[in-house]
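Chain naming here is simple, since letters A, B, ... match the order of the sequence lines and numbering starts at 1 in each. FYI, side chains are in, hydrogens and waters are out, and symmetry mates aren't considered; it's all heavy atoms of this structure.
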Amino acid sequence: MKREFYDRPVLEVARDLVGCVVRHGDTAGRIVETEAYHQSEPACHAYNGLTPTRKVLFGSPGLAYVYRSYGIHAMLNAVTEPDGVGAAALIRALEPLDGLDLMRERRGLERPQDLCSGPGKLTQAMGIGLDLDGSSLDGSSLDGPIEILPREGPEPEIVVGERIGITLAVDLPWRFCDPSSRCVSRPWPPEMRKPG
DNA sequence: TAAACGATGCCCT
DNA sequence: GGGCATCGTTTAC
């Protein structure tokens, strides 16, 4: 999608990314879960200012911000908001569409719901590494290695909840997911579960 | 130079 | 649903 899609408030972009399709190489998947991060809140990497590894986060909307988590995993984010503002939407889970056998090979697992049901899982399944940090998602370059395509059909059902795996600003309801998918990293936010 | 800390995943109940 | 392995980056001496 074009730069204008990403040049908006990160909450809008994160929500609108649910249902869109990520394509890289021979693999593709439909986004079923995202989270928003913004420099105004302490869970965001941009909160404490700029460092070399976080530089892209402050860059142009439509760039891929890829960083290493827990020393091991690569996390894929879409940089949002105007140039200079540190904000990004984390892609947390995909429903595999294309290249499932390649994903199985990379992940060492068979079941479709185990291939991309987490932010570290999906980058491993699609072969997305730190070398793609700063690459373009807006389709402006033909050699752009990662492409995000608009969703087809009606807007998916979207539930909102608190973000996962953080210790700061835990109360912000900045997680968006499609509860009808079995590929979300957790079925749906606990507060959305029906009692009994 | 050393130590603490994760925007996690996996395996086990 | 809970505990722990894992290791690059950051931050503090």
Side-chain angles (χ1 to χ4, degrees), chain A residues 6 9-11 13-15 17-18 22 29 31-59 63-81 85-96 103-134 137 146 148 159-177 182-196:
Chain A
Y6 303 98
V10 65
L11 286 172
V13 177
R15 168 180 276 273
L17 278 173
V18 176
V22 181
I31 299 173
V32 297
E33 181 179 351
T34 65
E35 283 178 0
Y37 288 85
H38 186 272
Q39 62 182 25
S40 61
E41 45 89 13
C44 182
H45 289 171
Y47 185 71
N48 287 317
L50 196 150
T51 67
T53 52
R54 305 188 284 219
K55 178 184 166 198
V56 173
L57 187 47
F58 293 86
L63 294 181
Y65 168 54
V66 185
Y67 73 94
R68 191 187 305 283
S69 173
Y70 285 83
I72 312 170
H73 311 288
M75 302 282 137
L76 172 62
N77 299 254
V79 174
T80 69
E81 311 229 0
V85 177
L90 170 69
I91 313 295
R92 278 195 61 90
L94 304 174
E95 201 167 279
M103 290 181 179
R104 290 187 176 102
E105 190 178 319
R106 287 168 171 157
R107 296 272 300 126
L109 294 169
E110 290 299 315
R111 293 148 72 211
Q113 63 266 38
D114 292 332
L115 298 177
C116 298
S117 54
K121 299 178 185 180
L122 70 91
T123 54
Q124 184 190 14
M126 300 188 81
I128 294 172
L130 300 186
D131 55 311
L132 296 179
D133 183 42
L137 297 171
I146 307 175
I148 300 186
V159 297
V160 182
E162 295 170 352
R163 296 175 295 182
I164 291 175
I166 57 175
T167 58
L168 300 170
V170 294
D171 55 317
L172 296 177
W174 286 10
R175 176 185 182 225
F176 304 93
C177 70
R182 275 184 274 293
C183 293
V184 295
S185 64
R186 304 211 191 143
W188 50 82
E191 64 273 19
M192 299 297 295
R193 288 184 193 148
K194 294 175 183 175

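Both A:Leu109 and A:Thr167 lie close to DNA chain B; mapped to their nearest nucleotides by heavy-atom distance, the more 5′-ward contact belongs to A:Thr167. Where A:Tyr65 and A:Asp114 each meet DNA chain B at their nearest nucleotide, the meeting point lying more 5' is that of A:Tyr65.
Side-chain atoms of A:Arg92 and A:Ser185 include a donor-acceptor pair closer than 3.5 Å. Between the side chains of A:Arg106 and A:Gln124, no donor-acceptor pair is found at a separation under 3.5 Å. A donor-acceptor pair shorter than 3.5 Å cannot be found between the side chains of A:His38 and A:Tyr47.
Looking only at distances, no side-chain donor or acceptor of A:Thr123 sits under 3.5 Å from a matching main-chain atom of A:Met75.
Atom-to-atom, CD of A:Glu162 to P of B:dA7 comes out at 16 Å; the value is rounded to the nearest Å. Spacing between atom CZ of A:Arg54 and atom P of C:dG8 amounts to 18 Å, rounded to whole angstrom units. One interatomic measurement links the two molecules: CG of A:Asn48 to C1' of C:dT9, which rounds to 13 Å at whole-angstrom precision. As rounded to whole Å, 9 Å separates atom P of B:dT8 from atom CD1 of A:Ile166. Between A:Met75 atom CE and C:dT6 atom C1' there is a gap of 13 Å when expressed in whole angstrom units. Atom CG of A:Leu130 and atom C1' of B:dA7 are 14 Å apart (whole Å). In this structure, CZ of A:Arg111 is placed 13 Å from C1' of B:dC10, rounded to the nearest angstrom. In this structure, A:Glu33 atom CD and B:dT8 atom P are separated by 10 Å, rounded to whole Å.
The CD1 atom of A:Ile166 lies 7.0 Å from the CD atom of A:Glu41; values are rounded to the nearest 0.5 Å.
Nucleotide B:dC11 is matched to C:dG2 when pairs are restricted to Watson-Crick or G-U wobble geometry with both distances under 3.5 angstrom.
Residue-level contact check: A:Asn77 touches the bases, meaning some heavy atom is under 4.0 Å from a base atom. At a threshold of 4.0 angstrom between heavy atoms, the contacts of A:Arg163 with the nucleic acid are absent. Note on A:Ile72: a base of the nucleic acid sits closer than 4.0 angstrom, heavy atoms only.
For the pair A:Arg92 and B:dT8, the criterion of a side-chain N or O lying under 4.0 Å from OP1 or OP2 is met.
When distances are taken from the side chain of A:Lys121 to each of C:dT10, B:dA7, B:dC10, the shortest belongs to B:dC10. For A:Arg107, counting side-chain heavy atoms from C-beta on, the closest listed nucleotide (C:dT10, B:dC10, B:dT8) is B:dC10. Listed nucleotides C:dT10, B:dC10, B:dA7 differ in distance to A:Thr51; the shortest reach to its side chain belongs to C:dT10. Of the candidates B:dG9, B:dA7, C:dT9, the closest approach to any side-chain atom of A:Pro119 belongs to B:dG9.
Aromatic pair A:His45/A:Tyr37: centroids not less than 6.0 angstrom apart.
No hydrogens or angles were tested; on distance alone, nothing pairs the side chain of A:His73 with the base of B:dA7 as donor and acceptor under 3.5 Å.
Here A:Tyr70 does not count as stacked on B:dG9, because the ring centres are not under 5.5 angstrom apart with planes under 30°.
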